[in-house]
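Below, chain A is the first sequence line, B the second, and so on; all start at residue 1.
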Protein chains: 2
Amino acid sequence: MFENLVRHIQKFVALNEEEQIILRSYVKFESIKKKQYLLEEGHVCHANWFIGKGCLRSYTLKENGNKQMVQFAIENWWLTDYFSFEQKKPSQLFIQAVEDCELISIDDRIQDELFIKIPQLERYFRLIVQKSYAASLMRLQYMFNLSPEERFHHFNNNFPSFIQRVPQYMLASYLGFTPEFLSKIRAKIADS
Amino acid sequence: MFENLVRHIQKFVALNEEEQIILRSYVKFESIKKKQYLLEEGHVCHANWFIGKGCLRSYTLKENGNKQMVQFAIENWWLTDYFSFEQKKPSQLFIQAVEDCELISIDDRIQDELFIKIPQLERYFRLIVQKSYAASLMRLQYMFNLSPEERFHHFNNNFPSFIQRVPQYMLASYLGFTPEFLSKIRAKIADS
DNA sequence: GATTTTTCTTAACCACGATTAAGTTTTTTT
DNA sequence: AAAAAAACTTAATCGTGGTTAAGAAAAATC
């Protein structure tokens with residue numbers, strides 16, 4: 001599991017044996033069960049989680065009580081609420097396990113110290129966040145430029161593995177429409 | 001103008017006199033006129049721009065020929081297409097001056113060298129990108145959780161300075177609706 | 001100051017996707 | 001295996017915000 005993380009980091013920056021040992025001593029390993037929460041609204045987010053195995057989601061609670069999906073994360077992805085994590089402010093988000101998960105986490109209290117010991121991690125995370133940012137802007141573009149139906153087909157074509165992994169109603173919320181409308185789309189596909 | 005940039009950097013990391021001189025020798029200064037382009041669709045984005053004075057916008061061209069606003073940027077903001085800038089791939093974006101601008105830019109070819117000479121800039125940009133990412137996720141939340149009319153009022157309340165600075169039709173596109181609908185909202189306000 | 005271009009407004013019509021509500025299927029729990 | 005909970009489907013109704021088109025107002029240019 002830790003090897004996954006090392007391999008992921010090495011895609012972006014060098015990390016020698018000694019540094020790997022330092023890193024291992026700084027991170028925490030945790031397992032959580034499906035439906036357990038890592039973070040709840042109103043709490044400060046104290047960790048950044050790397051998914052070794054499993055699937056997480058983050059969502060907000062809307063005024064009407066519905067859950068609005070914010071993000072999915074699977075193997076080799078980092079997930080946190082950067083806003084809360086960095087500024088130590090109460091989060092708007094819930095982070096919950098969609099499947100049983102094995103996680104590696106970096107605590108906010110040790111992050112700075114870790115970055116001093118292994119400076120290239122600063123670069124690693126700059127690049128990780130940059131990728132997340134680019135992905136978020138792409139998603140905004142899809143929201144603006146594609147119809148709900150087109151967004152579904154686009155997601156279907158580009159991330160087929162997700163479709164079987166997450167419940168349809170979460171996907172519908174992630175794509176910005178209702179589960180009822182997703183059923184309509186699927187009925188249309190079955191017809192043709 | 002350069003002092004603005006130094007001051008902005010010093011909000012996040014230390015930067016001594018010597019480093020300021022190094023930085024100055026690495027960046028480029030440019031002035032552009034309203035409506036001029038810094039980047040056009042299909043080209044690789046070779047710079048990251050810091051706005052000393054003025055206002056930039058980025059947009060994509062939709063299938064129907066309309067322009068979809070992606071971002072605004074004003075004084076003390078960085079703007080680039082990180083996807084194109086980092087991966088050296090053709091951009092989907094246009095970046096254009098909304099007002100006459102005075103800019104400081106970092107070229108992609110010298111960025112790595114600059115980060116080696118002033119390592120804390122790696123941290124500075126990690127934090128900058130993190131903030132942009134958080135803002136982008138907030139905007140997604142507004143798209144999901146607020147109606148077009150609510151989004152307008154929210155923007156109005158939180159960024160009143162923008163309202164006078166950018167044309168209404170750009171704002172409408174940024175908020176994800178048509179200029180006609182914005183007129184409708186404004187007429188409703190005038191009534192009451 | 002006159003002309004052109006850009007930006008904003010108004011109004012009629014209409015389509016997409018939300019809402020509501022009931023029922024079915026699948027999964028989980030006991 | 002039975003019961004309960006979670007997830008998905010179907011269909012009728014309705015409202016928001018898009019589209020179209022024409023005109024008015026404001027700003028830029030000559």
Side-chain angles (χ1 to χ4, degrees), chain A residues 33-37 55 57 59 62-69 72 94 96-100 142-156 162-192, chain B residues 32-37 54-55 57 59 62-69 72 94 96-100 142-156 162-192:
Chain A
K33 290 277 171 200
K34 187 172 170 173
K35 296 204 177 171
Q36 268 192 273
Y37 285 90
C55 180
R57 67 159 172 164
Y59 67 85
K62 297 211 259 187
E63 283 184 5
N64 61 14
N66 287 350
K67 292 165 181 170
Q68 174 57 54
M69 282 290 320
F72 290 114
F94 295 82
Q96 188 193 30
V98 177
E99 306 169 355
D100 295 354
Y142 296 140
M143 285 300 292
F144 286 129
N145 297 334
L146 302 181
S147 71
E149 185 162 356
E150 288 171 325
R151 290 203 293 278
F152 173 74
H153 286 123
H154 182 269
F155 192 90
N156 232 341
F162 265 94
I163 305 290
Q164 283 114 8
R165 234 169 139 172
V166 303
Q168 301 289 323
Y169 72 92
M170 286 187 196
L171 183 62
S173 170
Y174 180 80
L175 293 174
F177 47 79
T178 60
E180 290 84 358
F181 184 67
L182 183 46
S183 277
K184 234 189 233 180
I185 298 174
R186 294 164 68 78
K188 210 192 279 184
I189 296 171
D191 266 5
S192 56
Chain B
I32 62 165
K33 289 280 169 198
K34 186 172 173 175
K35 298 205 174 166
Q36 269 191 273
Y37 286 93
C55 179
R57 66 159 172 166
Y59 68 84
K62 298 213 256 186
E63 284 185 3
N64 61 14
N66 286 351
K67 291 165 182 172
Q68 174 58 53
M69 281 290 319
F72 289 113
F94 295 80
Q96 187 192 29
V98 176
E99 304 169 354
D100 295 354
Y142 296 139
M143 285 301 293
F144 286 129
N145 297 335
L146 302 181
S147 70
E149 186 161 356
E150 289 171 326
R151 290 201 295 277
F152 173 74
H153 287 124
H154 182 271
F155 192 90
N156 233 340
F162 265 95
I163 304 289
Q164 283 113 8
R165 231 170 140 173
V166 304
Q168 302 288 325
Y169 71 94
M170 285 188 197
L171 184 63
S173 170
Y174 180 81
L175 293 173
F177 47 78
T178 60
E180 290 83 358
F181 184 65
L182 182 47
S183 276
K184 236 189 234 180
I185 298 174
R186 293 165 67 80
K188 210 192 279 183
I189 296 170
D191 266 3
S192 58

- Message: Assess the residue pair Glu149(B) and Lys184(B) against the criterion (salt bridge (charged side-chain N to carboxylate O under 4.0 Å, His left out)); give the C-alpha distance rounded to whole Å, side-chain angles, the decisive distance to 0.1 Å, and a yes or no.
- Response: CA-CA 10 Å; Glu149(B) 186 161 356; Lys184(B) 236 189 234 180; over 6 Å; no
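By the neighbour-count criterion of 12 heavy atoms within 6.0 Å, atom NZ of Lys34(A) is sparsely surrounded, having that number or fewer from other residues, nucleotides or ligands.
Using a 4.0 Å cut-off on heavy atoms, none of the residues of residues 143-150 of chain A approach DNA chain D.
Rounded to whole angstrom, the span from the CD atom of Gln168(A) across to the P atom of dT25(C) amounts to 17 Å. Ile163(A) places its CD1 atom 11 Å from the P atom of dC8(D), with the value rounded to the nearest Å. Whole-Å rounding puts the Arg165(B) CZ to dT7(C) C1' distance at 19 Å. Distance CD (Glu180(B)) to C1' (dT20(D)): 9 Å, rounded to an integer number of Å. Taking atom CG on Asn66(B) and atom C1' on dT19(D), their separation rounds to 11 Å, with Å as the unit. For the pair Phe181(A) CZ and dT10(D) P, the computed distance is 14 Å after rounding to whole Å. The distance from atom CG of Leu175(A) to atom C1' of dA18(C) is 16 Å, rounded to the nearest whole Å. For the pair Lys188(A) NZ and dG17(C) P, the computed distance is 8 Å after rounding to whole Å.
OP1 or OP2 of dG18(D) sits under 4.0 Å from a side-chain N or O of Thr178(B). Here Lys35(B) does not reach the OP1 or OP2 of dA28(D): none of its side-chain N or O atoms lies under 4.0 Å away. OP1 or OP2 of dC8(C) has not a single side-chain nitrogen or oxygen of Arg186(B) nearer than 4.0 Å.
When distances run from any side-chain atom of Ser183(A) to the nucleotides dT10(D), dT7(C), dA7(D), the shortest one goes to dT10(D). Closest to the side chain of Lys184(A), out of dA18(C), dT7(C), dT20(D), is dA18(C).
At distances below 3.5 Å, not a single donor-acceptor pair connects side-chain atoms of Gln96(A) with backbone N or O atoms of Gln36(A). Between the side chain of Arg165(B) and the backbone N or O of Val98(B) there is no donor-acceptor pair closer than 3.5 Å.
The CG atom of Leu171(B) lies 6.0 Å from the CG atom of Leu182(B); values are rounded to the nearest 0.5 Å. Atom CZ of Arg57(A) and atom CE of Met69(A) lie 6.0 Å apart (nearest 0.5 Å).
Partner Tyr174(A) forms a ring-ring contact (aromatic ring centres under 6.0 Å, His included) with one of Tyr59(A), Tyr169(A), Phe162(A), Phe72(A) and no other, that one being Phe72(A).
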